[in-house]
Amino acid sequence: MNKFKLLIILISILSFILSISALETGTNAAAFLKINISPRSSGMGDCFVGIADDYNAAQWNPGGLGTIEKG
């Protein structure tokens, strides 16, 4: 019975440690997606959502793609 209690304690400690380490999951993967592709939107401080008049509308505001004129 004493080994059973020790096993339960070890399993609970291990699960606690694994749950703490899982809090940082996904913080480092695919960081390249945060790189801004547009110099114009970078110059505006990444406030480009309301302007959808060039090819970068697909990234910032896909709803504005309908307003782009062919030219």
Who are the side-chain contact (heavy atoms from CB on, under 4.5 Å) partners of Phe4, not counting sequence neighbours?
Ile8

Once side-chain hydrogen bond (donor to acceptor under 3.5 Å, both in side chains) is applied, do any residues pair with Ser42, and if so which ones, sequence neighbours excluded?
Asn36

Take Leu18 and Leu14 through the test side-chain contact (heavy atoms from CB on, under 4.5 Å) and record every step on the way to the result.
CA-CA 6 Å; Leu18 290 175; Leu14 180 63; 4.2 Å; yes

Roughly how far, to the nearest 0.5 Å, is the CG atom of Leu10 from the CG atom of Leu6?
4.5 Å

Counterpart residues, side-chain contact (heavy atoms from CB on, under 4.5 Å), relative to Ile11 (two or more places apart):
Leu7

